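Computed from a predicted model, the values in this text were never measured in an experiment.
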Amino acid sequence: MDSSETDAPLVPATSPARASMHDVAALAGVSHMTVSRALNGYPNMRDETRRRVLDAVEKLNFTRSPIARALVTKRSMRIGVLLHGQVNHGPNTTLRAFERAARRYGYAVTSVSIDDDDQRPLDIGVMELVTQGVDAVGIIAMRPTSLARVRKYTVGLPVIVEMDEPQEGLLNAAYDQTQGTERAVEHLIGLGHRSIRHLAGPLDWHVAQARAAAWESTLARHGLPVVAPAEGDWSSDSGYAYARDADLGDATAVFVANDQMALGVLHGLHERGLRVPEDISVVGFDDVPESRHFSPPLTTVRQDFTELGELMLTDLLAALEGRPSPDHGLLESTLIVRESTAPASRRDR
């Protein structure tokens with residue numbers, strides 16, 4: 001074999017040149033500064049201009065170097081997210097949307113899930129995020145009892161919590177739980193239901209507290225009786241146990257704090273020989289993708305968790321850029337009426 005062949009230097013395969021911010025600007029027909037502002041969520045920019053920039057980013061498969069950007073901004077380009085409790089549809093969907101939005105702006109996301117609210121796991125979870133040098137923190141599925149400890153470990157960082165009540169020193173973004181619950185209960189009242197029970201979520205969760213309070217206040221406003229709510233744990237099993245064993249008295253409807261528990265309620269009522277909706281109506285909350293395929297399809301309150309995750313990220317970016325957070329207010333949910341609710345009918349037990 002010719003030694004010139006064996007000793008020839010290896011030549012690396014060529015790869016396409018990485019697109020630059022100037023390439024994006026040229027394709028979008030805007031300035032380099034406009035591209036930077038669009039990618040950083042700068043306000044006061046026309047939607048059409050921002051869309052041209054983002055379309056160019058996608059066509060060129062443009063990604064900003066996190067190292068270079070961190071050197072310029074003096075940030076780690078990483079955001080921490082803490083999730084409380086088991087990963088249900090709402091928190092999980094919110095997190096995925098948050099992560100996708102963060103990637104569009106050049107940020108990475110580190111998430112930590114806390115299974116319960118004991119002091120030690122929560123503290124360790126928050127400290128794990130902070131010690132990684134995150135630039136900001138998002139809290140999804142917040143328990144009110146955790147607020148003090150979150151504040152303790154996140155001093156100096158922008159923090160946003162998924163709560164529909166403003167919290168001093170923290171950003172907040174959420175759906176209006178009162179408005180969503182009122183729509184569900186008013187729907188049942190409009191169908192002639194006068195005895196409406198409630199299966200709440202764990203009452204140390206803010207959303208469970210808010211939904212239970214709104215259910216009670218709506219009944220009281222109409223002069224209807226209030227029976228203390230039962231408490232589930234967000235799971236289908238807890239809904240099944242409630243519907244199978246609870247003394248439902250003269251109830252003709254049940255408002256359930258989430259769709260997973262509502263699925264169990266439908267199962268338990270069926271085993272008791274009660275027909276839905278002929279004997280008793282059921283309303284859930286969240287509109288999980290499967291709820292339209294329950295038997296019967298479930299009337300529920302729809303919350304767009306993708307919109308919520310993107311909004312939380314946008315608010316944090318505004319804080320990081322030193323801009324005021326947009327005054328978007330609470331998000332409004334939508335009542336989705338399906339076959340699990342019908343006009344009330346008297347029935348004997």
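- Within the 4.5 Å cutoff, no side-chain heavy atoms of Ile139 are placed close to those of Leu170.
- Here Ser111 pairs with nothing under the side-chain hydrogen bond (donor to acceptor under 3.5 Å, both in side chains) rule; sequence neighbours left out.
- Criterion: ILVMFWY side-chain heavy atoms under 4.5 Å apart, direct or through other members. Under it, Val134 and Val112 are part of a common hydrophobic cluster.
- In the hydrophobic clustering of ILVMFWY residues, with side-chain heavy atoms under 4.5 Å counting as a link, Met127 and Leu82 come out together.
- For Glu307, there are no salt bridge (charged side-chain N to carboxylate O under 4.0 Å, His left out) partners two or more places apart in sequence or in a different chain.
- Remark: Thr49 pairs with no residue by the side-chain hydrogen bond (donor to acceptor under 3.5 Å, both in side chains) rule, at least two apart or across chains.
- In the hydrophobic cluster analysis, where Ile, Leu, Val, Met, Phe, Trp and Tyr join through side-chain heavy atoms closer than 4.5 angstrom, Tyr175 is grouped apart from Leu330.
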Asp237 vs Ser235, side chain to side chain donor-acceptor pair (under 3.5 Å): CA-CA, chis, key distance, verdict: CA-CA 5 Å; Asp237 285 344; Ser235 71; 5.2 Å; no
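- Using a 4.5 Å cut-off on side-chain heavy atoms (C-beta onward), Leu313 and Tyr107 make no contact.
- No donor-acceptor pair under 3.5 Å is formed between the side chain of Thr334 and the backbone N or O of Arg302.
- With sequence neighbours excluded, the residues forming a ring pair (Phe, Tyr, Trp, His ring centres under 6.0 Å) with His32 are His22, listed by chain and number.
- Through chains of ILVMFWY side-chain contacts below 4.5 Å, Leu219 is grouped with Val185, Leu188, Ile189, Ile196, Trp215, Leu224, Val226, Phe255, Val283, Phe285, Val301, Leu335, Val337.
- Within the 3.5 Å criterion, the main-chain N or O of Glu128 finds a donor-acceptor partner in the side chain of Thr131.
- Annotation: ring pair (Phe, Tyr, Trp, His ring centres under 6.0 Å) contacts of His267 (sequence neighbours excluded): Tyr240.
- Every residue two or more places apart in sequence or in another chain was checked for a salt bridge (charged side-chain N to carboxylate O under 4.0 Å, His left out) with Arg96, and none qualifies.
- Under the 4.5 angstrom side-chain criterion for Ile, Leu, Val, Met, Phe, Trp and Tyr, Leu203 has no cluster partners at all.
- A donor-acceptor contact shorter than 3.5 Å is absent between the side chain of Asp259 and the backbone of Ser291.
- A chain of hydrophobic side-chain contacts below 4.5 Å, direct or via other Ile, Leu, Val, Met, Phe, Trp or Tyr residues, connects Val30 to Leu60.
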Decide yes or no on side-chain contact (heavy atoms from CB on, under 4.5 Å) for Leu331 and Asp304, but give the supporting numbers first. CA-CA 9 Å; Leu331 301 174; Asp304 187 341; over 6 Å; no
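- In the model, Gln179 has a side-chain atom that pairs as donor or acceptor with a side-chain atom of Ser333 under 3.5 Å.
- A distance of 9.5 Å separates CE of Met312 from CG of Leu95, quoted to the nearest 0.5 Å.
- Among all heavy-atom pairs drawn from Leu311 and Ala173, the shortest one is CD2-CB, 4.1 Å.
- Residues Thr218 and His222 have side chains in contact (heavy-atom distance under 4.5 Å, counting atoms from C-beta outward).
- Residues Val256 and Tyr242 form no side-chain contact, since every pair of their non-hydrogen atoms from C-beta on lies 4.5 Å or further apart.
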Show every donor-acceptor pair shorter than 3.5 Å between a side-chain atom in residues 156-167 and any protein atom, with sequence neighbours excluded, or say none if there are none.
{"from": "Glu162", "atom 1": "OE1", "to": "Ala141", "atom 2": "N", "distance (Å)": "2.8"}
{"from": "Asp164", "atom 1": "OD1", "to": "His206", "atom 2": "NE2", "distance (Å)": "2.5"}
{"from": "Asp164", "atom 1": "OD2", "to": "Gln177", "atom 2": "N", "distance (Å)": "3.3"}
{"from": "Gln167", "atom 1": "NE2", "to": "Glu165", "atom 2": "O", "distance (Å)": "3.1"}

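- Looking only at side-chain heavy atoms (C-beta outward), Arg104 and Leu54 stay at 4.5 Å or farther from each other.
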Between Phe305 and Ile140, does a side-chain contact (heavy atoms from CB on, under 4.5 Å) hold up when you go through it step by step? CA-CA 11 Å; Phe305 295 108; Ile140 298 174; over 6 Å; no
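- Atoms OG1 and CG, from Thr300 and Asn258 in turn, are 8.5 Å apart once rounded to the nearest 0.5 Å.
- Side-chain atoms of Arg197 come within 3.5 Å of backbone atoms of Leu248 as a donor-acceptor pair (strictly under, hydrogens ignored).
- Remark: Arg100 engages no residue in a side-chain hydrogen bond (donor to acceptor under 3.5 Å, both in side chains) (not counting sequence neighbours).
- Of the possible donor and acceptor atoms, none in the side chain of Asp279 sits under 3.5 Å from a partner among the backbone N and O of Leu274.
- Residues that satisfy the side-chain hydrogen bond (donor to acceptor under 3.5 Å, both in side chains) test with His328, not counting sequence neighbours, are Asp315.
- A donor-acceptor pair is defined here as one N or O able to donate and one able to accept, closer than 3.5 Å; such a pair exists between the side chain of Ser345 and the backbone of Glu278.
- Residues Asp287 and Gln303 bring no donor and acceptor atom of their side chains to less than 3.5 Å of each other.
- Between the side chain of Thr94 and the main chain of Leu308, no donor-acceptor pair closer than 3.5 Å is present.
- A distance-only check finds a donor-acceptor pair linking the side chain of Ser236 to the backbone of Gln260 [under 3.5 Å].
- Using modelled atom types, one side-chain atom of Arg151 and one backbone atom of Glu168 make a donor-acceptor pair closer than 3.5 Å.
- Here the CG atom belonging to Leu298 is positioned 4.5 Å from the OG atom belonging to Ser340, to the nearest 0.5 angstrom.
- Thr93 places no side-chain N or O within 3.5 Å of a backbone atom of Thr306 that could act as its donor or acceptor partner.
- A donor-acceptor contact under 3.5 angstrom links the side chains of Thr341 and His187, judged on distance only.
- His193 approaches Pro343 most closely through the heavy-atom pair NE2-C, 4.1 Å.
- To the nearest 0.5 Å, atoms CD (Glu271) and CG (Asp245) are separated by 10.0 Å.
- For Leu199 against Gly239, the heavy-atom pair with the smallest separation is CD2-CA, 3.7 Å.
- Between Leu316 and Phe98 there is a side-chain heavy-atom pair separated by less than 4.5 Å.
- Remark: Asp55 pairs with Arg51 by the salt bridge (charged side-chain N to carboxylate O under 4.0 Å, His left out) rule, at least two apart or across chains.
- When all heavy atoms of Ser195 and Asp250 are compared, the pair lying nearest together is OG-OD1, 2.9 Å.
- Closest non-hydrogen pair, Val265 versus Ala243, comes out as O-CB, 3.4 Å.
- What you find for Ala200 and Pro229 is that their closest heavy atoms are CB-CB, 4.4 Å.
- Within the model, atoms CD1 of Ile336 and CG of Asp286 stand 12.0 Å from one another, a figure rounded to the nearest 0.5 Å.
- Atom CD of Glu231 sits about 9.5 Å away from atom OG of Ser238, to the nearest 0.5 Å.
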